[in-house]
Amino acid sequence: VFFRQQRVGKDGVPFDFFKFRSMHVGRDDKRHRDYVTEFIGSNRKTSGEKTEIFKIENDPRIFPFGKFIRKSSLDEFPQLYNVLRGEMSLVGPRPCLQYEWERYDEWHRRRLQDLPGCTGLWQALGRSTVSFEEMVVLDLYYLSNVSLWLDLKIVLRTLPVILFGRGAF
């Protein structure tokens with residue numbers, strides 16, 4: 001039921017990240033690694049009415065109920081355990097995978113100079129419809145403007161994204 005994975009947190013330090021399992025066990029992640037390499041290397045933007053999506057669509061690793069818990073963000077609830085352990089906060093940049101971290105430029109790594117969060121600006125504003133560099137810029141903006149008021153606004157903007165599944169698959 002639970003999925004544990006090494007993620008990169010504050011200052012590049014790895015930690016055990018928890019989610020509800022949404023994927024089949026033992027599936028190859030090569031497709032995702034290739035996708036991440038292209039996503040980080042390109043700077044695709046959204047254009048007019050046609051929004052490019054920056055997630056793997058119809059990922060065969062995800063089982064049917066997994067699609068539902070991902071779209072509704074229910075798979076993220078175990079991260080509250082990470083918050084209680086002091087490895088994450090409620091709001092902040094999302095933690096990344098080690099192979100993503102290895103592809104980051106130095107300025108990209110600044111997005112994890114503080115604790116990662118369960119939600120952040122890019123989840124509230126665009127989720128999977130922003131480019132990688134837009135995501136980094138939003139995270140750096142957040143880190144430069146951290147306040148209780150901004151955190152509250154992000155949490156309130158995240159709720160409709162979760163309830164209506166905007167930007168999710």
Evaluate the side-chain proximity of Arg94 to Met135: yes if any heavy-atom separation is below 4.5 Å, no if none is. no
Please enumerate all residues that pass salt bridge (charged side-chain N to carboxylate O under 4.0 Å, His left out) together with Arg103, with sequence neighbours excluded. none
Would you mind listing every ring pair (Phe, Tyr, Trp, His ring centres under 6.0 Å) that reaches into residues 84-108, with sequence neighbours excluded? His32-Tyr99, Trp101-Tyr104, Tyr104-His108, Tyr104-Phe132, His108-Phe132
Report the C-alpha distance between Val91 and Cys118 in whole Å, list the side-chain angles of each, state the deciding distance to 0.1 Å, and finish with yes or no for side-chain contact (heavy atoms from CB on, under 4.5 Å). CA-CA 6 Å; Val91 179; Cys118 296; over 6 Å; no
With side-chain contact (heavy atoms from CB on, under 4.5 Å) as the criterion, how do Glu87 and Tyr81 come out once you've worked through the C-alpha distance, each side chain's angles and the decisive distance to 0.1 Å? CA-CA 9 Å; Glu87 299 160 329; Tyr81 181 62; 6.0 Å; no
Is there a path from Leu90 to Tyr141 through hydrophobic residues (I, L, V, M, F, W, Y) whose side chains come within less than 4.5 Å of each other? yes
Leu112 versus Cys96: any side-chain heavy-atom pair under 4.5 Å? yes
Nearest heavy-atom approach of Gly117 to Pro95 is O-CD, 4.0 Å
Donor-acceptor under 3.5 Å (Ser73 side chain, Glu76 main chain): no
Hey, what do you get for OG (Ser144) to CZ (Arg110), rounding to the nearest 0.5 Å? 7.5 Å
So with a 6.0 Å cut-off around CG of Leu84, is the heavy-atom count from everything else above 12? yes
For Ile62 and Lys67, which heavy atoms make the closest approach, and how far apart are they? CG2-N, 3.6 Å
Would you kindly confirm whether Leu150 and Leu115 end up in one hydrophobic cluster when ILVMFWY residues are joined by side chain heavy atoms under 4.5 Å apart? no
Would you mind writing out the side-chain donor-acceptor pairs for residues 6-13 within the sub-3.5 Å range, not counting sequence neighbours?
unit_1: Gln6; atom_1: NE2; unit_2: Asp16; atom_2: OD1; d: 2.6
unit_1: Arg7; atom_1: NE; unit_2: Gln5; atom_2: OE1; d: 2.7
unit_1: Arg7; atom_1: NH2; unit_2: Gln5; atom_2: OE1; d: 3.0

Between Leu143 and Arg111 the two heavy atoms that sit nearest each other are CD1-O, 3.4 Å
Test side-chain contact (heavy atoms from CB on, under 4.5 Å) on Phe17 and Arg4 and set out the steps. CA-CA 6 Å; Phe17 176 83; Arg4 178 190 301 212; over 6 Å; no
Hydrophobic cluster identity match, Val136 and Val146, side-chain contacts under 4.5 Å: yes
Output for pair (Leu121 CG, Glu134 CD), nearest 0.5 Å, gives 12.5 Å
Find the distance between CZ (Arg157) and CG (Leu152) and round it off to the nearest 0.5 Å. 12.5 Å
May I ask whether Phe2 and Phe65 are part of the same hydrophobic cluster, defined by side-chain heavy atoms of I, L, V, M, F, W, Y residues being less than 4.5 angstrom apart, directly or through others? yes
Is a donor from one side chain sitting under 3.5 angstrom from an acceptor on the other, for Asp151 and Tyr142? yes
How long is the straight-line distance from CD1 of Ile69 back to NZ of Lys19, given to the nearest 0.5 Å? 8.0 Å
Do any N or O atoms from the side chain of Asn82 and from the backbone of Phe18 form a donor-acceptor pair under 3.5 angstrom? yes
From CG (Asp139) to CD (Gln123), nearest 0.5 Å: 7.0 Å
Are Leu74 and Leu159 connected, step by step, through hydrophobic side chains (Ile, Leu, Val, Met, Phe, Trp, Tyr) whose heavy atoms are closer than 4.5 Å? no
So, Phe20 versus Phe3, ring centres under 6.0 angstrom or not? no
